[in-house]
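Read the structure below first, then the notes.
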Amino acid sequence: MMERIKSGIPGLDGILHGGFVKGTNILVSGGAGTGKTICCMQFLHAGANKYEQPGIFVTLEEKPREIRREAKQFGWDFEKLEQENKLIIIDAASSKAGLPTTEPYTLRRGFDISTLAQEIYKATKQIDAQRIAIDSLSGLGIRFESQTAIRNAIFKLASLLGELQTTSLMTSEITGKTGYSRYGVEEFISQGIIVLYLNEENGELRRSLVVRKLRFSSHSLKVYPIEIGSRGIVIMPGGEL
Ligand SMILES: Nc1ncnc2c1ncn2[C@@H]1O[C@H](COP(=O)(O)OP(=O)(O)OP(=O)(O)O)[C@@H](O)[C@H]1O
Ligand SMILES: [Mg+2]
């Protein structure tokens, strides 16, 4: 039996037939506002707060301040977890934008993928992190000149995560109808893909989730309705396991 890592999302571990397989890389794909960031926060909060598995949140788009504030809305006290060495937030957003930051974990000499990989490595060793979330891979794009450079960068990050033996979520925006990632490479280097949807049904938007791929494991192939409530994401009844 493979060791499983609990997702922290009520109902999801059943769909995953026990949780994420320890040491794998999961791509969380979806359009704007589908819940990708919340999914990452929930995964790390559960790990740190409930399962004694410290985590690293690498933010490429939002400032750590915003992440802490959003987490608080769901009752997840990130500041406390940071003080207890159960969580580190790496501010890659400021360096990517070329802005100064007072955050303790950041890329001081500017943004590049090797430095980012080093920071992730250091932080992981520092608190013995078992979980990592990278939000989002789409945010890597801005400073790279070619698609090849971006693909190499993502490949490098994924290899690092593989070495670290952490269980990782990487978010990505869906652009096309058939692809599950922006650069067309994330889906091949990840060992699992979860897709989040926000689709119109009878004049209103409905959220749903499907597990498209999960290497080393069986899983449900049903599309499940989900909701984002005061405690984060929950899977609603509707798809039987
Ligand atoms: N406290 C809350 N209660 C219920 N729903 C919320 C709450 N806070 C945010 N939401 C919902 O979650 C959505 C944002 O989720 P999230 O930031 O995880 O999306 P995302 O997929 O990361 O989006 P983006 O692509 O813009 O980064 C909001 O648009 C809103 O619909
Ligand atoms: Mg987001």
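Note that ligands are numbered from 1 as they come in the structure, with each ligand's atoms numbered from 1 the same way. For this chain, numbers begin at 1 and follow the sequence in order.
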With heavy atoms of [X] as the reference, note each atom of ligand 1 found under 4.0 Å away.
{"X": "Arg207", "answer": "11 (C), 12 (O), 30 (C), 31 (O)"}
{"X": "Ile228", "answer": "4 (C), 5 (N), 6 (C), 12 (O)"}
{"X": "Gln73", "answer": "1 (N), 8 (N)"}

Leu205, Ile233, Ile38, Leu196: member with heavy atom nearest to atom 14 (C) of ligand 1 =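 Among Leu205, Ile233, Ile38, Leu196, the closest heavy atom to atom 14 (C) of ligand 1 belongs to Ile38.
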In terms of side-chain geometry, is the basic nitrogen of Glu201 or Arg206 positioned less than 4.0 Å from the acidic oxygen of its partner?
->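 A salt bridge is present here (some side-chain N lies under 4.0 Å from a carboxylate O).
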Does the shortest distance from the Mg ion (ligand 2) to an N/O/S atom of Thr37 fall below 2.8 Å?
->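 So Thr37 does bind the Mg ion (ligand 2) by this criterion.
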For Val21 and Ile5, what are the C-alpha separation, side-chain angles and deciding distance, and is it a side-chain contact (heavy atoms from CB on, under 4.5 Å)?
-> CA-CA 6 Å; Val21 175; Ile5 298 293; over 6 Å; no
Decide whether an N or O pair under 3.5 Å exists between [X] and ligand 1.
{"X": "Ser230", "answer": "no"}
{"X": "Gly35", "answer": "yes"}
{"X": "Cys39", "answer": "no"}

Above 12 or not: heavy atoms from other molecules or residues under 6.0 Å from [atom1] of [X]?
{"X": "Glu163", "atom1": "CD", "result": "no"}
{"X": "Phe155", "atom1": "CZ", "result": "no"}
{"X": "Glu66", "atom1": "CD", "result": "yes"}

Ligand 1-proximal atoms of Lys36, by part, heavy-atom distance under 4.0 Å =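 Both backbone and side chain.
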Have [X] and [Y] got a donor and an acceptor in their side chains that come within less than 3.5 Å?
{"X": "Ser218", "Y": "His17", "result": "yes"}
{"X": "Thr59", "Y": "Asp135", "result": "no"}
{"X": "Tyr105", "Y": "Gln126", "result": "yes"}

Met41 side, atom CE; Gln73 side, atom CD - distance, nearest 0.5 Å =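 Here the interatomic distance stands at 7.5 Å.
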What protein heavy atom is closest to [atom], reported as residue, atom name and distance in Å?
{"atom": "atom 3 (N) of ligand 1", "value": "Gly229 O, 3.9 Å"}
{"atom": "atom 13 (C) of ligand 1", "value": "Gly33 O, 3.9 Å"}
{"atom": "atom 22 (O) of ligand 1", "value": "Thr37 OG1, 2.7 Å"}
{"atom": "atom 7 (C) of ligand 1", "value": "Phe74 CZ, 3.6 Å"}

Would you check whether Gly31 reaches within less than 4.0 Å of ligand 1, judged by its heavy atoms?
->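 It does; at least one heavy atom falls under 4.0 Å.
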Under 4.0 angstrom from ligand 1, any heavy atom of Ala32?
->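 Within the 4.0 Å threshold, so yes.
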Check the hydrophobic clustering (I, L, V, M, F, W, Y; side-chain heavy atoms under 4.5 Å; chains of links allowed) and say if Phe43 and Phe74 are grouped together.
->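 In one cluster with Phe43: Phe74, yes.
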